[in-house]
Amino acid sequence: ETDDYKEFNEKIYQEFKNFTPEQLLSELQKWIGELENNMKKVSENEFNTRSDEFDWATDEGEDSHFLHHINQIKNALKK
């Protein structure tokens with residue numbers, strides 16, 4: 001595990017840099033659906049006892065993980 005995502009972000013940027021805004025949103029929706037499907041497979045008890053591993057999936061507000069990605073898309077559109 002790391003807090004240094006520079007290399008990861010560059011790899012992802014290269015993968016998606018030529019996507020249209022519509023394609024980026026579609027990709028995000030796909031992964032949100034994948035996350036929701038995987039969350040359904042995990043028991044509620046396991047989800048709650050391992051909250052340190054899953055907290056990013058349920059975060060809300062200004063630090064929302066998904067809001068972070070929406071803002072990345074918005075910033076890409078400005079370029």
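Bear in mind that the values here come from a model prediction, so they are computed numbers and not experimental data.
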Exercise for the section: Just jot down the side chain to side chain donor-acceptor pair (under 3.5 Å) partners of Glu10, sequence neighbours excluded, or say none. Expected result: Gln14
Problem - Thr20 backbone acceptor or donor facing Gln23 side chain under 3.5 Å - result: yes
Exercise for the section: List for me each residue that meets side chain to side chain donor-acceptor pair (under 3.5 Å) alongside Glu27, sequence neighbours excluded, and say none if there are none. Expected result: Lys30, Trp31
Fill in the blank from the handout: So CZ of Phe19 and CG of Leu28: to nearest 0.5 Å the spacing works out to 12.5 Å
Problem - Euclidean distance, Tyr13 OH relative to Asn9 CG, rounded to 0.5 Å - result: 12.0 Å
Exercise for the section: Would you indicate whether the side-chain heavy atoms of Glu22 and Leu25 approach each other to under 4.5 Å? Expected result: no
